[in-house]
Trainee: 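Before I ask anything, here is the structure I am working with.
Excluded from the calculations below are hydrogen atoms, water molecules and symmetry mates; all remaining heavy atoms, backbone and side chain alike, are included.
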Amino acid sequence: MGWSRAAMLGVIGLVAALMFPMPKADGPSYDFHDESCPKLRQMVHDSVEEALKEDVGIAAGLLRIMFHDCFPQGCDASLLVHGRYWSETSWPQNKGIRRSAMALIDTIRAKVQSPDACGPTVSCTDIMNLATREAVMHFNVPGYAVPLGLKDSLAPASLARIRELPGPDLSAAELLQRFATRGLDVADVVVLSGAHTIGRSSCGGFQDRFQESTGFARRLRANCSSDANRLQDLDVTTPDRFDNEYYHNLLAGKGVLTSDLQLLRNHTTRWWVNNFAQDQGWFFAQFGTSMSKMAHLPSDAAQYGEIRNYSCFWPNHRWLTASA
């Protein structure tokens, strides 16, 4: 007899509580909204499923938003917010962030925060993390625990923090070092790279490979020469399915980004690539573990943040000033 979705997430929350204890009684928890917004998870689930029916690419968009938001300074929805002079999406590191996935997060916020639902009790950060998990679970990947009751930042992250995002041209050693600054290990590096199984990249993300002489690199170059605005699937075999084909592609010499190929040029990362290629269940289980670690990265918004009540794209004081 299969487990219900609620029962499975309940067990995941129990395991997470042992791995990531949250000592503050009034701080984030896995059941933070159970009383104030009991239908939250169902509302997020329904909205994400509806969006995926229209555009399966929303899943990749949510995954990238969550990673690019949480990595610089912890999960705080700073990627979404417009600052007084800039937003994080205006910088090259965040080029190509899917606007429709950003809009989905705010659409869900509006539904959840409506007076006949939960009111202004759930942050954009919580909705972002829950929506991303729902998108992953859409592909039959097991769920993972995310802390709830997180706050939204008051401003975008600094450029210095944004520049710490791992880029597509890093070596394996550089990737490992960059992830280690966030307490993430070699398994996290390789498994989170596996999110590229449903990802896409503009030609600029891999133009450093155009001088290579392999048949696959020549194919990439030819595709971009014919259409400079082309978005290249990072999984050239099953681009719309979350599976372990990304790792099979790497081993077959069909990785798109330099950072993907680098996973084969380090004996430790290659070991993980081989194992995930051989065992999709292992990949799925580790993916959930690593995504949960991302969701638990500490953020200053816990102390200084707010719940954005009017829009995920504007801090409350800016919205009120503009509306006055």
Trainee: Would you say L154 ends up clustered with Y310 if hydrophobic residues are merged whenever their side chains have heavy atoms under 4.5 Å apart, either directly or through other cluster members?
Mentor: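 Y310 and L154: separate clusters.
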
Trainee: Using side-chain contact (heavy atoms from CB on, under 4.5 Å), reason through I105 and M66 one step at a time and then give a plain yes or no.
Mentor: CA-CA 11 Å; I105 294 169; M66 191 262 193; over 6 Å; no

Trainee: Does the gap between the ring centers of F242 and F283 come in under 6.0 Å?
Mentor: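 Judged by ring-centre distance (under 6.0 Å), F242 and F283 do meet the cut-off.
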
Trainee: Grab the two heavy atoms, one from T269 and one from L263, that are nearest each other, plus how far apart they are.
Mentor: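 Scanning both residues, the minimum pair turns out to be OG1-O, 2.7 Å.
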
Trainee: Do V191 and L261 share a hydrophobic cluster (ILVMFWY, side-chain heavy atoms under 4.5 Å, transitive)?
Mentor: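 In one cluster with V191: L261, no.
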
Trainee: Within the distance-only criterion (no hydrogens, no angle test), does the side chain of S292 pair as donor or acceptor with the backbone N or O of T289 below 3.5 angstrom?
Mentor: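 Not confirmed, S292 side chain does not pair with T289 backbone.
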
Trainee: Between Y30 and H296, does the ring centroid distance fall short of 6.0 Å?
Mentor: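 They qualify: ring centres under 6.0 Å apart.
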
Trainee: Would you name the heavy atoms of I198 and A59 that are closest together and state the gap between them?
Mentor: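 Answer, listing the atom of I198 first, then A59: CD1-CB, 3.8 Å.
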
Trainee: Tell me whether I307 is reachable from Y304 by hopping between hydrophobic residues (I, L, V, M, F, W, Y) whose side-chain heavy atoms are closer than 4.5 Å.
Mentor: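 Different hydrophobic clusters.
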
Trainee: When you compare the side chain of D185 with that of K293, does any pair of heavy atoms fall below 4.5 Å?
Mentor: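 In contact.
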
Trainee: Give the intermediate values and the outcome of side-chain contact (heavy atoms from CB on, under 4.5 Å) for residues V146 and L130.
Mentor: CA-CA 7 Å; V146 297; L130 288 172; 3.9 Å; yes

Trainee: Identify, with sequence neighbours excluded, every residue that meets salt bridge (Lys or Arg N to Asp or Glu O under 4.0 Å) alongside R270.
Mentor: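 Result, salt bridge (Lys or Arg N to Asp or Glu O under 4.0 Å) vs R270: none returned.
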
Trainee: Quick one: pull up CG in L176 and CD in Q262 and give me the separation to the nearest 0.5 Å.
Mentor: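 With rounding to 0.5 Å, CG (L176) is 10.5 Å from CD (Q262).
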
Trainee: If you link ILVMFWY side chains whenever their heavy atoms are less than 4.5 Å apart, which other residues fall into the same cluster as V236? By chain and number, please.
Mentor: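 Same cluster as V236: F206, F210, F216, L220, L234, V256, L257.
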
Trainee: E212: what forms a salt bridge (Lys or Arg N to Asp or Glu O under 4.0 Å) with it, not counting sequence neighbours?
Mentor: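 Checked E212 against salt bridge (Lys or Arg N to Asp or Glu O under 4.0 Å); matches are R209.
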
Trainee: With no hydrogens and no angle check, is any side-chain donor or acceptor of N244 less than 3.5 Å from a backbone partner on A277?
Mentor: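 Yes, the answer is positive, given that a donor and an acceptor are paired below the 3.5 Å cut-off.
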
Trainee: Throw together a table of side-chain donor-acceptor distances under 3.5 angstrom for residues 161-173, partners on residues two or more places apart or in other chains.
Mentor:
{"residue": "E164", "atom": "OE1", "partner": "R182", "partner atom": "NH1", "Å": "3.2"}
{"residue": "E164", "atom": "OE1", "partner": "R182", "partner atom": "NH2", "Å": "2.4"}
{"residue": "S171", "atom": "OG", "partner": "E174", "partner atom": "N", "Å": "3.2"}
{"residue": "S171", "atom": "OG", "partner": "E174", "partner atom": "OE1", "Å": "3.3"}

Trainee: Could you tell me whether D106 atom CG has more than 12 heavy atoms of other residues or ligands within 6.0 Å of it?
Mentor: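 Yes, CG of D106 has more than 12 neighbouring heavy atoms, counting only those of other groups under 6.0 Å.
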
Trainee: Measure across L192 and M291 and return the closest heavy-atom pair with its distance rounded to 0.1 Å.
Mentor: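 In this case the closest contact between L192 and M291 is CD2-SD, 3.8 Å.
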
Trainee: Under 3.5 Å, is there a donor-acceptor pair linking the side chains of T132 and R64?
Mentor: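 No donor-acceptor contact under 3.5 Å links the two side chains.
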
Trainee: Hey, does the side chain of S47 reach the backbone of V44 with a donor-acceptor pair shorter than 3.5 angstrom?
Mentor: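 Checked: no pair found.
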
Trainee: Is S290 reaching over with its side chain to a backbone N or O of F287, donor-acceptor style, under 3.5 angstrom?
Mentor: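 Not confirmed, S290 side chain does not pair with F287 backbone.
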
Trainee: At their closest point, which heavy atom of G288 faces which heavy atom of Y144, and how far apart are they?
Mentor: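 Nearest pair, atom of G288 first, then Y144: O-CB, 3.3 Å.
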
Trainee: So which residues get pulled into L150's cluster when ILVMFWY side chains under 4.5 Å apart are joined, directly or through others?
Mentor: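 None; L150 is a cluster of one.
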
Trainee: Taking only residues two or more places apart in sequence, or in another chain, which ones meet E245 in a side-chain hydrogen bond (donor to acceptor under 3.5 Å, both in side chains)?
Mentor: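 Checked E245 against side-chain hydrogen bond (donor to acceptor under 3.5 Å, both in side chains); zero matches.
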
Trainee: Could you tell me which residues satisfy side-chain hydrogen bond (donor to acceptor under 3.5 Å, both in side chains) with S225, sequence neighbours excluded, listed by chain and number?
Mentor: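 For S225 there are no side-chain hydrogen bond (donor to acceptor under 3.5 Å, both in side chains) partners, ignoring immediate neighbours.
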
Trainee: How far apart are the closest heavy atoms of S36 and P38, and which atoms are they?
Mentor: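 Heavy atoms of S36 and P38 come nearest at C-CD, 3.7 Å.
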
Trainee: Show, in sequence, the C-alpha distance, side-chain angles and deciding distance for S259 and L175, and conclude whether the side-chain contact (heavy atoms from CB on, under 4.5 Å) test is met.
Mentor: CA-CA 8 Å; S259 59; L175 283 171; 4.0 Å; yes

Trainee: Where do P147 and A295 come nearest, in terms of heavy atoms and distance?
Mentor: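 What the structure gives for the nearest pair is CG-O, 3.5 Å.
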
Trainee: Please go through V81's hydrophobic cluster and name the other residues, only I, L, V, M, F, W, Y counting, with side-chain heavy atoms under 4.5 Å joining them.
Mentor: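 Result for V81 is none, singleton.
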
Trainee: Test of understanding: with side-chain hydrogen bond (donor to acceptor under 3.5 Å, both in side chains), list the residues that count as partners of D76, not counting sequence neighbours.
Mentor: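 By the side-chain hydrogen bond (donor to acceptor under 3.5 Å, both in side chains) rule, D76 matches Q73, S78.
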
Trainee: Transitive ILVMFWY cluster of L231 at side-chain heavy atoms under 4.5 Å: who else is in it?
Mentor: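 Reading the cluster by chain and number, L231 sits alone, since nothing else belongs.
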
Trainee: List the steps and the verdict of side-chain contact (heavy atoms from CB on, under 4.5 Å) for K151 and S299.
Mentor: CA-CA 9 Å; K151 298 292 183 62; S299 168; over 6 Å; no

Trainee: Does some side-chain heavy atom of R178 sit less than 4.5 Å from a side-chain heavy atom of V189?
Mentor: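 Result no, sub-4.5 Å side-chain heavy-atom pair not found.
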
Trainee: Is the side chain of D152 donor-acceptor paired with the backbone N or O of A77 at a distance under 3.5 Å, no angle test?
Mentor: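 Answer holds: no.
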
Trainee: Applying side-chain hydrogen bond (donor to acceptor under 3.5 Å, both in side chains), name anything that partners R98, two or more places apart in sequence or on another chain.
Mentor: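 Only D55 meet the side-chain hydrogen bond (donor to acceptor under 3.5 Å, both in side chains) criterion with R98.
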
Trainee: I'd like to know whether K254 forms a salt bridge (Lys or Arg N to Asp or Glu O under 4.0 Å) with D260, so could you lay out the CA-CA distance, the side-chain angles of the two residues, the decisive distance to 0.1 Å, and finally the verdict.
Mentor: CA-CA 9 Å; K254 296 179 180 179; D260 292 334; over 6 Å; no

Trainee: When D243 is tested against each of T237, N140, V141, D235 for side-chain contact (heavy atoms from CB on, under 4.5 Å), which residue passes?
Mentor: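 Option passing the side-chain contact (heavy atoms from CB on, under 4.5 Å) with D243: D235.
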
Trainee: Do any N or O atoms from the side chain of Q113 and from the backbone of R308 form a donor-acceptor pair under 3.5 angstrom?
Mentor: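 Looks like yes, one N/O pair under 3.5 Å.
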
Trainee: Using side-chain heavy atoms (C-beta onward) and a distance below 4.5 Å, is V48 in contact with I108?
Mentor: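 V48 reaches I108 side chain to side chain.
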
Trainee: Within a reach of under 6.0 Å around CH2 of W271, are more than 12 heavy atoms found that belong to other residues, nucleotides or ligands?
Mentor: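 Yes, because the 6.0 Å sphere around CH2 of W271 holds more than 12 heavy atoms from other groups.
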
Trainee: Can you confirm whether W91 is buried at CH2, in the sense that more than 12 heavy atoms of other residues, nucleotides or ligands lie under 6.0 Å from that atom?
Mentor: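 No.
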
Trainee: Just wondering, do V136 and L63 contact through their side chains at under 4.5 Å, heavy atoms?
Mentor: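 L63 vs V136: side chains touch.
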
Trainee: Checking the side chain of E306 only, and the main-chain atoms of N316 only, is there a donor and an acceptor separated by less than 3.5 Å?
Mentor: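 Yes, the answer is positive, given that a donor and an acceptor are paired below the 3.5 Å cut-off.
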
Trainee: So, using ring pair (Phe, Tyr, Trp, His ring centres under 6.0 Å) as the criterion, who are the partners of H82 when residues are at least two apart?
Mentor: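 Listed in chain order: W314.
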
